[in-house]
Structures are given as structure tokens and as C-alpha cells.
Amino acid sequence: MTDSVSRRTFVGAAGAAAALTALPRGAAALEPTLKAPAIHLKPVARFGAVSSGNGLRAVNKTFELVSAGTDTLDAAVEGVKIQELDPDDNSVGYGGLPNEMGVVQLDASCMHGPTRRAGAVGALEGIKTPSEVARLVMKYTDHIMLVGEGAKQFALSYGFKEENLLTDRSRQLWLEWRANRGKEDDWLDVPEGEKMARVTGTINLDVVNTKGEISSITTTSGLSWKIPGRCGDSPIVGAGQYCDNDVGAAGSTGRGESNIMVCGGFLTVEHMRRGMKPTDACLETLKRVLAATPPRLLRPDGRPDFGLQFYAVNKAGDFGAASFYPDQFAAHDGREGALRDCAFLYQRSR
Ligand code: GLY
């Protein structure tokens with residue numbers, strides 16, 4: 001049930017209130033056994049997991065593991081690892097599109113609500129699952145973020161294997177981009193093709209269990225053909241994802257630089273803290289992004305010339321997502337996982 005107060009919660013609170021008013025005046029004080037039952041006005045948490053459109057397998061895996069008692073962050077890591085290890089998802093992990101030098105550099109960050117801890121890695125090379133390395137930074141260090149060679153050495157010290165993350169397909173796409181990137185190219189005798197758009201992929205996953213324990217994680221290969229060393233929003237705690245165990249969690253996919261400018265993960269959780277439902281919170285953050293967008297990134301009609309999506313879950317298990325233009329997200333409500341339509345600000349004009 002998206003963005004809705006559960007009927008069970010409402011009926012429970014109303015029933016308890018009715019029992020309290022039915023007590024004879026002073027009875028509770030005279031007779032302990034007649035004490036009014038406690039009224040739990042806090043919503044009862046339901047399972048809820050929300051993810052980007054490439055995260056259907058991830059939310060299903062997360063549900064399966066959380067149902068078996070696995071911690072919310074550990075379950076979320078196993079969920080997003082499906083995409084990290086999938087050579088056909090060229091926005092995340094193994095097979096991700098490389099930087100302009102043809103090197104895959106990965107970013108990830110995570111937060112664990114119950115312990116209020118966070119970890120992140122940026123520009124990590126040679127390791128297929130940056131989500132696991134971010135969790136290790138969180139678990140075993142007093143730091144939040146490790147980057148580049150330091151992040152790789154840290155991963156290797158925990159037994160990760162260094163591997164070539166470039167698949168034949170992602171190398172081919174990079175070669176085509178390099179061959180066509182401009183009139184002044186130095187590159188000869190390479191396959192020709194259409195001018196290739198730069199893409200940002202990414203997977204974000206935010207989850208709450210029935211105890212109200214919340215976690216969030218985001219992992220990506222970032223912007224394709226980026227300048228080496230570029231980190232987007234995904235490894236930035238508060239931008240690519242954010243979790244507050246009292247409120248909820250949120251994260252993002254799309255143009256990272258635009259999200260970083262508004263600390264969108266944090267901002268979305270703050271909107272929920274002030275009472276907004278997840279979908280409305282995501283839409284509100286998109287409006288803030290728009291207000292902070294420079295003209296060079298707007299189309300002539302004033303609409304954004306890039307994609308950005310936010311996903312959120314609150315402590316009660318409600319979830320939602322929003323995008324500038326029509327898009328889809330994945331979610332699991334404790335009964336089934338499915339792709340759903342994001343709320344959006346603009347119909348894409350043809
Ligand atoms: N949101 C992914 C990136 O910009 O790197």
C-alpha cells in the first residue's frame with residue numbers, strides 16, 4: 001500500500017481510544033486491573049522496500065532475506081549486488097560504463113538506521129561489488145568514505161579479488177564514444193557510430209522491516225565517459241542516499257551533480273520528518289533541484305535537460321518515487337514486488 005496509513009494502525013488506535021472513554025470516571029485509579037490499555041499512536045511498521053527501475057530483483061531478494069530475519073542493510077546489499085554482478089546492467093558494478101580513459105570507477109554508499117552508521121567508497125577500481133566495500137568501511141572503521149587507490153587497497157585487505165570490470169560490450173560502447181566524441185578526435189581506424197549520449201544509471205534501495213528498522217544503499221558506475229576521479233552523488237551520504245531510523249530513508253538515481261547541490265537524500269528525509277508522504281517528499285526535492293538548476297541545463301521551455309529520480313520509504317512502510325519525466329521504480333510492499341509508475345513533474349514533450 002503506497003503512501004497510506006495502514007487500516008490496522010488506524011483501527012487499533014481508535015479502538016484503544018474507545019476503550020479508554022468507556023471506563024467509569026476514576027475507575028482506573030481505584031482498580032489497577034481496569035487500567036486503560038496503552039494507546040500506540042505511532043504507526044505500526046510494515047515491510048517496505050523501494051528501488052530504482054532496475055531494482056525489481058533487488059527488492060524481491062531484500063524481502064526474501066528480511067523475511068528470514070536478515071538485517072535490513074545486509075539484505076539490501078545482497079539485493080543491489082544482483083545488479084553489480086550483472087554484466088548486462090551497464091550502470092552498476094561489473095560491466096558498468098567506464099570513464100573517458102576506459103577505466104570503470106565505481107561509487108557506493110550506505111546507511112544503517114539502527115546503529116546510525118554510514119560508509120562509502122568513491123572511484124573504486126577493480127572490485128565488482130562496491131556496496132560490500134562501503135559496508136565494510138561503515139562496520140570496521142571510524143571513517144565514512146574511502147576513495148581511489150586507498151579504497152581498493154582496503155578492499156583487497158579484506159580478501160576481495162581485483163578484476164577487470166570492463167565487459168566486451170562496455171568496452172565496445174566506450175570505443176564507439178571515443179571514436180565519435182568530436183571533430184577534433186585523434187582516434188583513427190575505430191568503428192564509427194552515432195554520437196553517443198552520456199548516461200547515468202545507478203541502483204538505490206531503501207528498506208524498512210516490520211520492527212521499523214531502516215537502511216539505505218546506492219551503488220553505481222556513475223556518469224559514462226566521466227573525467228577520471230569524478231564522483232557523483234552516489235557515494236555522498238546525504239545526497240545519493242540517506243537514512244534516519246526515526247523517519248525513513250531516501251535515495252536517488254540520475255544526474256548526480258544536480259542532486260549533490262540540494263543534498264537530495266537528506267532533504268527528502270527531512271520533508272518526511274515534517275509530515276510529508278514519501279511521494280510528495282520526492283516531488284518537493286525535485287522542485288528544489290529545479291530551482292537550483294543553471295540555465296545551461298534547461299531546455300528552451302525551461303524544463304530540465306537531464307533525468308533525476310528520488311525514491312523514499314518511511315518508518316511505517318509507505319513508499320514512493322518521483323522523477324522529472326515519466327519513469328518507473330521497483331517496490332515490494334511485503335506481499336509482492338512490482339514495477340510501478342513514478343510521480344512526475346512534466347510529461348515528456350515529443
Ligand atoms: N547518480 C549517479 C551519478 O551521477 O554518478
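Keep in mind that this is a model prediction, so the values were computed, not measured. First listed ligand is number 1; within each ligand, the first listed atom is number 1. Excluded from the calculations below are hydrogen atoms, water molecules and symmetry mates; all remaining heavy atoms, backbone and side chain alike, are included.
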Open item on the list: Check for me whether Arg230 has a heavy atom closer than 4.0 Å to any atom of ligand 1.
Closed with: yes
Would you call [X] and [Y] a salt bridge, using N to O less than 4.0 angstrom?
X      : Y      : value
Glu84  : Lys81  : no
Asp280 : Arg274 : no
Asp318 : Arg46  : yes
Lys139 : Asp74  : no

Atoms in ligand 1 with a heavy atom of [X] nearer than 4.0 Å:
X      : value
Leu223 : 5 (O)
Ser234 : 1 (N), 2 (C)
Gly232 : 5 (O)
Thr202 : 1 (N), 2 (C)
Gly222 : 5 (O)

> Under 3.5 Å, N or O to N or O, is Asp233 touching ligand 1 that way?
Replying inline: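 Asp233 vs ligand 1: N/O contact under 3.5 Å present.
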Next item on the list: Would you check whether Gly254 has a nitrogen or oxygen atom less than 3.5 angstrom from a nitrogen or oxygen atom of ligand 1?
Entry: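 Yes; the residue has a nitrogen or oxygen that sits under 3.5 Å from a nitrogen or oxygen of the ligand.
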Logged contact type for Asn259 with ligand 1, heavy-atom cut-off 4.0 Å, is neither
Chi angles and distances behind the side-chain contact (heavy atoms from CB on, under 4.5 Å) call for Leu205, Val50: CA-CA 6 Å; Leu205 197 156; Val50 65; over 6 Å; no
Nearest heavy-atom approach of Gly334 to Phe63 is O-CZ, 3.4 Å
Mind checking whether Phe344 and Phe324 have ring centres under 6.0 Å apart?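 Not under 6.0 Å, so no.
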